[in-house]
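By convention here, the first residue in the shown sequence is residue 1. When a ligand or atom number is given, it counts from 1 through the structure's own listing order.
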Amino acid sequence: MACIFCSIAEGKIPAKIFHDDEHIVGFYDIHPQAPVHALFIPRKHISTLNDLDENDAQLLARLFLAAKEFAQREGIAQSGYRLVMNCNSDGGQTVYHLHLHVLGGRWMKWPPG
Ligand code: 5GP
Ligand code: ZN
């Protein structure tokens with residue numbers, strides 16, 4: 001079955017893409033849960049956190065660094081933001097292509113729901 005985030009990375013379905021490089025793609029979430037809500041994905045299809053291995057270490061670092069730079073550009077770095085990666089059913093994962101949420105522009109409660 002086609003993966004929706006692979007399709008976005010390949011430009012086969014539209015998304016508001018703001019970051020696009022050899023390794024990762026960043027785009028705005030279609031159903032934003034905060035004033036700023038973006039997703040960073042690896043171009044490589046990895047279904048869940050459980051599927052990561054040592055070889056993906058640099059890829060993960062790239063996701064986090066890109067998220068940090070995005071937060072600075074969006075002007076939420078100082079006020080604060082939250083990075084989220086949901087894993088499987090109990091974690092609330094709905095799209096099975098690894099992605100890092102960047103949420104900001106409002107106060108985030110803790111613990112999460
Ligand atoms: P998850 O629940 O798996 O952690 O997050 C999946 C996220 O992807 C959700 O926040 C959802 O709104 C977003 N999403 C699902 N389909 C699309 C899509 O086609 N385009 C975009 N931009 N976001 C999507
Ligand atoms: Zn995929």
Please tabulate, one line per pair, the protein N or O atoms found under 3.5 Å from any N or O atom of ligand 1, giving the distance to one decimal.
unit_1   : atom_1 : unit_2 : atom_2 : d
ligand 1 : 2 (O)  : G92    : O      : 2.9
ligand 1 : 2 (O)  : T94    : N      : 3.3
ligand 1 : 2 (O)  : T94    : OG1    : 2.9
ligand 1 : 3 (O)  : T94    : N      : 2.7
ligand 1 : 3 (O)  : T94    : OG1    : 3.2
ligand 1 : 3 (O)  : V95    : N      : 2.9
ligand 1 : 3 (O)  : H99    : NE2    : 3.0
ligand 1 : 4 (O)  : N86    : ND2    : 2.8
ligand 1 : 4 (O)  : H99    : NE2    : 2.9
ligand 1 : 4 (O)  : H101   : NE2    : 2.8
ligand 1 : 5 (O)  : H99    : NE2    : 3.0
ligand 1 : 5 (O)  : H101   : NE2    : 3.2
ligand 1 : 10 (O) : D29    : OD1    : 3.2
ligand 1 : 10 (O) : D29    : OD2    : 2.5
ligand 1 : 12 (O) : D29    : OD1    : 2.5
ligand 1 : 22 (N) : Y28    : O      : 2.9
ligand 1 : 22 (N) : I30    : N      : 3.4
ligand 1 : 23 (N) : I30    : N      : 3.3

Just distance, no hydrogens or angles: give the donor-acceptor pairs under 3.5 Å from side chains in residues 18-27, sequence neighbours left out.
unit_1 : atom_1 : unit_2 : atom_2 : d
H19    : NE2    : D21    : OD2    : 2.8
D20    : OD1    : R43    : NH2    : 2.2
D21    : OD1    : H23    : N      : 2.7
D21    : OD1    : I24    : N      : 2.8

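- In summary, the aromatic rings of F40 and H99 are positioned with their centroids too far apart to meet the 6.0 Å limit.
- Put simply, the side chain of Q93 never gets that close to the backbone of L98: no donor and acceptor are under 3.5 Å apart.
- In the displayed structure, N50 atom CG is contacted under 6.0 Å by more than 12 heavy atoms of other residues, nucleotides or ligands.
- No continuous path of ILVMFWY side-chain contacts below 4.5 Å connects F70 to I8, so the two sit in separate hydrophobic clusters.
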I'd like a table of donor-acceptor pairs (distance under 3.5 Å, sequence neighbours excluded) in which one partner is a side-chain atom from residues 53-66, with atom names and distances.
unit_1 : atom_1 : unit_2 : atom_2 : d
D53    : OD1    : N55    : N      : 2.8
D56    : OD1    : K44    : NZ     : 2.6
D56    : OD2    : D53    : N      : 3.0

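- When hydrophobic clusters are built by joining Ile, Leu, Val, Met, Phe, Trp and Tyr residues whose side-chain heavy atoms come closer than 4.5 Å, directly or via intermediates, V102 is grouped together with M85.
- Annotation: protein N, O or S atoms under 2.8 Å of the Zn ion (ligand 2) (waters excluded) comprise C3 SG, C6 SG, H45 ND1, H97 ND1.
- Between the side chain of E74 and the backbone N or O of I76, no donor-acceptor pair lies under 3.5 Å.
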message = Under the criterion side-chain contact (heavy atoms from CB on, under 4.5 Å), I'd like the reasoning laid out for H31 against Q33: C-alpha separation, chi angles, the key distance, then a yes or no.
response = CA-CA 6 Å; H31 292 128; Q33 301 301 316; 4.2 Å; yes
